[in-house]
Amino acid sequence: MAPPTLTQEILNKKDFVTPNDVRWCPGCGDYAILNALQRTFPELGIPKENFVVISGIGCSSRFPYYMNTYGFHTIHGRAPTVATGVKLANPDLSVWLVTGDGDGLGIGGNHLLHALRRNINLNILLFNNRTYGLTKGQYSPTSPVGTKTKTTPMGSIDNPLNPILFALGADATFIARTIDTNPKHMIEIFKAAHRHQGISYIEIFQNCVIFNNKTWDSVYGRQSRDDHMLFLEAGKPMVYGKTERRGVAWTGGGMPELLPMNGATPEEKGILIHDPTRTDSIYAAMLAEMQYPDFPVPVGVLRQVVKPAYDTQIQQQLHAAIARNGGKGDLRQLLYGRNTWRV
Amino acid sequence: MAPPTLTQEILNKKDFVTPNDVRWCPGCGDYAILNALQRTFPELGIPKENFVVISGIGCSSRFPYYMNTYGFHTIHGRAPTVATGVKLANPDLSVWLVTGDGDGLGIGGNHLLHALRRNINLNILLFNNRTYGLTKGQYSPTSPVGTKTKTTPMGSIDNPLNPILFALGADATFIARTIDTNPKHMIEIFKAAHRHQGISYIEIFQNCVIFNNKTWDSVYGRQSRDDHMLFLEAGKPMVYGKTERRGVAWTGGGMPELLPMNGATPEEKGILIHDPTRTDSIYAAMLAEMQYPDFPVPVGVLRQVVKPAYDTQIQQQLHAAIARNGGKGDLRQLLYGRNTWRV
Amino acid sequence: MESESVKTRALKELQTVVVRFAGDSGDGMQTVGERFTESAAIFGNDLATFPDFPAEIRAPRGTVPGVSAFQIQFGSTEILTPGDAPDALVAMNPAALKVHLPDLVDGGMLVVNKAAFTKGSLRMAGYPANPLQDPQISENYEVVEIDLNFLVLEALKDFSLNQKNKLRCKNFFALGFMYWIYSRPLETTIEFIRSKWERPYPELAKANIKVLKAGYYFGETTETARNRYMVTKAEVEAGVYRKVSGNEALVLGLIAGAAKANRDLVYSGYPITPASSILETLAAHKHFGVKTIQAEDEMAAIGIALGASYAGNLGATGTSGPGMCLKGEFIGLATSTELPLIIFNIQRAGPSTGLPTKTEQSDLTQALFGRHSDAPIPVIAANSPCDCFETSIEAVRIALTYSTPVIVLSDLYIASGAEPWKVPDPARIPTIEVPFAQEGEPFQVYRRNPETLARTQAIPGQQGLEHRIGGLEKDPFSNVSYDPANHEHMTRMRSEKIERIADSIPPTKVNGEPYGELLIIGWGGTFGAITAACSSLQAEGFSVSSLHLRHLNPLPGDLGEIMENFDKILVPELNQGQLSLLLRSKFLLDIVSYNKIQGQPFKVRELLRKIQEVLRR
Amino acid sequence: MESESVKTRALKELQTVVVRFAGDSGDGMQTVGERFTESAAIFGNDLATFPDFPAEIRAPRGTVPGVSAFQIQFGSTEILTPGDAPDALVAMNPAALKVHLPDLVDGGMLVVNKAAFTKGSLRMAGYPANPLQDPQISENYEVVEIDLNFLVLEALKDFSLNQKNKLRCKNFFALGFMYWIYSRPLETTIEFIRSKWERPYPELAKANIKVLKAGYYFGETTETARNRYMVTKAEVEAGVYRKVSGNEALVLGLIAGAAKANRDLVYSGYPITPASSILETLAAHKHFGVKTIQAEDEMAAIGIALGASYAGNLGATGTSGPGMCLKGEFIGLATSTELPLIIFNIQRAGPSTGLPTKTEQSDLTQALFGRHSDAPIPVIAANSPCDCFETSIEAVRIALTYSTPVIVLSDLYIASGAEPWKVPDPARIPTIEVPFAQEGEPFQVYRRNPETLARTQAIPGQQGLEHRIGGLEKDPFSNVSYDPANHEHMTRMRSEKIERIADSIPPTKVNGEPYGELLIIGWGGTFGAITAACSSLQAEGFSVSSLHLRHLNPLPGDLGEIMENFDKILVPELNQGQLSLLLRSKFLLDIVSYNKIQGQPFKVRELLRKIQEVLRR
Ligand SMILES: Cc1ncc(C[n+]2csc(CCOP(=O)(O)OP(=O)(O)O)c2C)c(N)n1
Ligand SMILES: Cc1ncc(C[n+]2csc(CCOP(=O)(O)OP(=O)(O)O)c2C)c(N)n1
Ligand code: SF4
Ligand code: SF4
Ligand SMILES: [Mg+2]
Ligand SMILES: [Mg+2]
């Protein structure tokens, strides 16, 4: 990423608002996410024209139309491929990909999987509302077993995907989770994603007021949020809870224990210190498995490990090849090749 | 599955051999797997006509042509969908799906993912030769970083998928690994897969003599196999090694330790007892992360947990709906519907 | 104008009427449209409807993109389309007026909710001034301004509902008023309200009934409207009727066809507008033994359906354009392995995502050619909501009889449109007998029925018939074969088999004389408009006939002969000329194409204009 | 026959010769074919080649499916095809004899490795008895039996290689012998062996050279063969030449085109026969700034290419039939967003997996119609290995000049066939100037160039030109629009833009008189065979001309006029009549189709027969 030049104007949220009417349902969680991203971009020190927002199809995927940057609303499930192409063409761009639980984990699962393992330098926002919003409320790959929708009138029977575990299965280098009701947290996570070199994957709990209203309320609702979420911070002990302070202790290889703090310090209780940089996936798998209602749901950066980014490496190979050739090949070299004869 | 009837003839390997010439390269690992499956089928107590072998496209996917049962060689990456349809139509069939690392984890990753999470009662054999055999040796999603092939002349730069971690990302209920050089082990694993209700996923280390010869030799070669593989057995301590006996000890949440046994008993050393039935994915993630060269590679059944199978549940919903209707709806009920009027 | 004359002009009898309800997405226009339809149907009118949704789930309130409309044409004669232009328009807010007023016929009735014409909502609709004060409007139309908000709150003043919920009933006030205008009975609607809301929300049910009646009485007591009309029963065949939409009828036909063929049905789909309701409706039919699955994408959906067919059930799948793009490879496999399979394509406007909530019939060439290599398969199309039933059954017949995938084309217009449907006698639907191979008898995978050239299927579980199939070219025994002559043979057999389907198609019906000056050829959802236009010109003495193709591949065997008996041929299509291309190539005739690509069905008057122009040439 | 007469008949001069090398997959037939080609090319002959692989990577040794062959036609006159039938066949084992003997011309030379005709291999090839003992064979052909095994081991007896490795050299013995027969120089091949093996395996290099020479001397000293031939240099334009296969030439053209357009190139592919080598060859061209990526599937491949184009590079992708089925949806998006994109389809025989290693040209209708809705895009086709170069450049020109995806059709036959290619002067390749929008100037996404109707691209990173695009229908400002008239406008603009490409196409070249009795119209890889057949009939005085289409959509503007000047039109295709369908529809002419669907190219004699039959009608 080119550093901001001196002459560059200071941007603010307004610069990222398009004149287009926003066409989500009133009350949709997407508004808050839009707002948060519009507030994040001006703070990244990147010229406005270097942002690209790319999406698939779905309510969430209307996103690019509302961000006043370059935007591409592509086709269902395939946005990661287009975003990859953009980064190959121009690695200096800051590319943000918006996808839904249906777009990203239903039809688009394979592309997400491969983008993650490739570790290309993109930021992926997965809006998880556990429903197919745009097509009017069929169940999605993240809907819990038993979800009744028009296509599953007797309740769904397939096990939902855990989006964090899925990303871990692809050995993704940056995995985070945030919620549409907490702008501050969203912005913080978006910035962390931006800083990460390689692919950044963020699950966002998002509310669909029309087809799946309050789906996350048991986790992040006003009543439950303090007791049912665990805000992770690197280097900080995992303590949470309002009604009762508790800490997460993890000794063996199973699920962690939730210990009442009873006023003790985390050290005294042996509370786990969050370390997103652990390279093996065991620790992150444990975090992924902390699910409502048995555990507080971890939000924040769950995993952040260092691996070379695909786009950087492709450039390196290009430069190495050119250097080895003693400069970029010209048309004459190309056309003549190695074996010619003269008539 | 219907129990074998009394009149049913006793089958043997020959019954599953087709007259077709087998067209793999001489020395290909696929032969051994074919042989093992032809030896497994007669032992399952299922009439020959109730087996269906389904595959995608690839060298490995030629498999159905060589099994004298019902067989369907479909299209690249999509075999899990066809197999799912077969099970929906007739849950009594024993369906075996053969796929490759390219077919299953490249183009077909999404279908595999969703078949796994659906937990439909299929047996999946993933032949992992870390190359695209049929298209002549391009690198595959499981090829290690740096693999030089015609499409990656300067070495591949994308991180390989770990097929076990991938399956875990889909919360697969039965995950196993076996090797093409050990017929006995293959047969044992195939039988275990058959017994499992729900989806069974088996990674098979397979050698491609032509394009990736000896790719697994560092793991299972004659020189290395005793020291570089860990044969898992439920309830048994994890001890391995010939040059030196070692045991796997796992205390905290990181990677396990490999302790020299020095003649001590596993109990004395606190060696881990293999338990594939742990429902969280943490333990299995640890096994998945045990990779060559730092760890012995676990083979055997890594995970086996109980969840209802999709095909069973779909039948149950059908029966429940019919019962609620007081019997299967007839055409008159169908056509008249709820609101009619007479003219 | 004195009230005398108003009174005397009341209760004028009409043959057909077109009414359109338009309002904000939240105004319940689809609900009252459906109610109006139901009561007209039960009253005995013939009718056709067309709902017109916004693309957004909930577009911002009061905006132009948020307008939702429902149009019905009903009458005492045969009704073929939902009508070109409304005779009466109900506009619940300024945005609705803005969008729909241009369509209202001159002198038509315009009913507006005066209360909704606030400054704010006028601005949102983009009106600089209140259009109701524009004298042009009251000159051109019979304007009926009603303060719905006030009247509804008045009517419900004794109810415990909060104000917001009270105001929600105002669509039923408008409906009641329209019932009075068209002298419709209220019973069916009251019955509906009761059965739907009485149990869960008794207060709401009562309120809606109250308001419905209030609307009716408002008409009666105020005599606001100048005219009142009466549309008598249509003379329709005696029988039991129900209302069906196109997608409903497709579903009924599919289940009936499978039952008549004695195959269990597996339907596998992935949500997409306007095909989703096929999956949704079938999912509610589990008690008929129907298995449904929501797949992870359209490739999976067709793969699952094909697997089910392979295992002896009847596999079906459905989608719309973007999803069709994903099914091509599997259709090729089904073609090569010669397995039965049904693929519904409910067309919408493209290319790409296009206008997902608008209609078009532009996927014909894709249906014919949308896969690599020579892989012809049958393509048939439904031409009206009711016709979807027969079309589904025909698809089942062809798929099984000819061991082939079949593409069924419908479109958004007929999928969501509705008509009264005379329920057929189940016993009269012909059975489809396509037995599997017999255990114990010799079996050869590609042995062909000498008449149909179809192969006979043996299915997993059948003893002694084990065999392997797949997408590599095969010899007649299903061994992989690279033999050049075999490839040519198999390719020609597969094509010839599809051609032979033409032998099983009934003679093509011509609407009008079997010879003459102009023949109009249509396919799909344009049936109603073309037939109406053609019939009306015939009545005026023009030498025009029309025919509508159900079978697009293969074309009916008698088509060429019929075409020869006309001087000119006109092919109207909601695309850039796809059937034209096919007919020109096949018959080398200089066909006139008439194309409309606006996401909207043909209007009868557009066709009339074009036909007359062609006749004058 | 006495040896005298043998000697005198030696060194007969021939204009053209067809040689086929056939053996087991492991016998190195492709290698010696390539060597023979190279030496003929450097010697100065014109030539064309056709390798014919088995489908399996390594079919079981000695079996019929395991046979691999390589055919070359070379001559002193213009060579258009690899030849119908070999004048000389080298058969390294019984299976190769079994497969290829039927093609050998009567009286042709048959060279066999006697040592390979063991009981076991005869049985594997399905010969009940040794065919070499069949008197018919020696009557019909000039049989040369050589005990290659013995001779090779003899020649290498002083080498330290093991026996297996020694025997591996026997292909070079056969090659040396054929060099003697056709009086070819050995230098090029010796040079090749040195440069390839001397460094890593010096012993092997020496052995192969020894054996090559031994084969040559064997001819010289034994006089086993009855005839020896001489094919002089062809008269070709002076210049620098190299050998190219079709896929190589596509790659060179693509890189050159992008360079001339001043765009970086991103190529994204997924392996599939016969397109894989495009990705592989480009991957070896990183030093030209070419970025390549092996995607997870064909959808990803095209999506990546489209993303690259969107960001200002030139995106290209390539595949074959099954992969094309997966690209339709993205092609629709590229059509709707009007972005440049190049899609190569190297056709192979279908449907479905079909015959993946055999040629066909049956994906034309898919290229034209293989996506939903009206979404026309340009389709062009290459007609020979060399022509692939120009075709690629033309694709780049069209894609950028008309802001559109372009489908380029090639096929297995030309992709893997090779020809000598006169290397063009890089400076003479025209530049392609398609600038991006200018920062600071007013920008409108769908403002169209009045001449081409193309839109101008602004790319991410350009200041002040930020905008949004996508697959929903847009108004000219790229705002989502549901306006019916706008949809019709945009649809017609998109189509009209493609039609306008015809204005930029040079006049169609007719091979022969511009009027006459019969015009043969071809496209793609049938060029050589059609031209050869047509020219030979012209020489005999028949009134036959031919033309070969590079542009299939839009068709050249002058095509209709040209067609009118002929009484009859014949369209030979390796499919069931796809171009025919298009031409019939467009020109309403009763075209005669000639179709071959055998996974094999046309033979010149097949065409001659058909043309004469049509002329006689
Ligand atoms: C190929 C294709 N199949 C299906 C669709 C229809 N479709 C549009 S959005 C969508 C699901 C959206 O769900 P999600 O990604 O969760 O987004 P949300 O609307 O919930 O934000 C579907 C199935 C489509 N546009 N294209
Ligand atoms: C749609 C499509 N794309 C590409 C191909 C070409 N193809 C055939 S097999 C294969 C890869 C096979 O690799 P893998 O699954 O690992 O099987 P293996 O040959 O190694 O056993 C590919 C890319 C195809 N047949 N279809
Ligand atoms: S349907 Fe749900 S997700 Fe879509 S815009 Fe409305 S509230 Fe948001
Ligand atoms: S190419 Fe490799 S995987 Fe394929 S058959 Fe040969 S050895 Fe086996
Ligand atoms: Mg969603
Ligand atoms: Mg493989």
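Chain letters run A, B, ... following the sequence lines, proteins first, then strands; residues in each count from 1.
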*Test item: A:N110 side-chain N/O and B:G109 main-chain N/O as donor-acceptor pair under 3.5 Å*: yes

*CE on A:M255 to OG1 on B:T279, rounded to 0.5 Å*: 8.5 Å

*Quick one: pull up CZ in A:R117 and CG in B:N162 and give me the separation to the nearest 0.5 Å.*
12.0 Å

*asked:* Counting only non-hydrogen atoms closer than 4.5 Å, does B:A288 touch chain A with its backbone (N, CA, C, O), its side chain (CB onward), both, or neither?
replied: neither

*asked:* Looking only at heavy atoms and a cut-off of under 4.5 Å, which of B:A285, B:P256, B:G253, B:P153 has the most pairs with chain A?
replied: B:G253

_Tell me whether the count of non-hydrogen atoms from other residues, nucleotides or ligands lying under 6.0 Å of NZ in A:K269 goes above 12._
yes

*Please state whether the side chain, the backbone, both or neither of B:T251 comes within less than 4.5 Å of a heavy atom of chain A.*
backbone

*Calculate, to the nearest 0.5 Å, the distance between atoms NZ and CG belonging to B:K307 and A:D158 respectively.*
11.0 Å

*chain A interface, residue from B:M286, B:H114, B:R118 that has the most non-hydrogen pairs under 4.5 Å*: B:H114

_Please rank A:A320, A:S281, A:A284, A:G254 by heavy-atom pairs under 4.5 Å with chain B and give me the top one._
A:S281

*Mind checking which of residues 310-317 of chain A sit less than 4.5 Å from chain B, heavy atom to heavy atom?*
A:Y310, A:Q313, A:I314, A:Q317

_Per-residue contact mode, B:P160 against chain A (heavy atom under 4.5 angstrom)_ = backbone

*Tell me the residues of residues 165-177 of chain A whose non-hydrogen atoms fall below 4.5 Å from those of chain B, in number order.*
A:L165, A:F166, A:L168, A:G169, A:A170

*Spacing of A:L113 atom CG and B:L112 atom CG [to the nearest 0.5 Å]*: 10.0 Å

_Interface moiety of B:R278 toward chain A, non-hydrogen atoms closer than 4.5 Å_ = side chain

*asked:* Is B:L105 in contact with chain A via its backbone, its side chain, both, or neither, using a 4.5 Å heavy-atom distance?
replied: backbone

*Go through the atoms of A:I107 and report whether side chain, backbone, both or neither lie under 4.5 Å from a heavy atom of chain B.*
backbone

_So A:N119 and B:N159, do their side chains get closer than 4.5 Å, heavy atoms only?_
yes

_Gap between atom CG of A:D280 and atom CD of B:Q291 - 0.5 Å precision_ = 10.5 Å

*asked:* At a heavy-atom distance under 4.5 Å, which candidate from A:A321, A:P163, A:P308, A:G106 has the highest pair count against chain B?
replied: A:G106

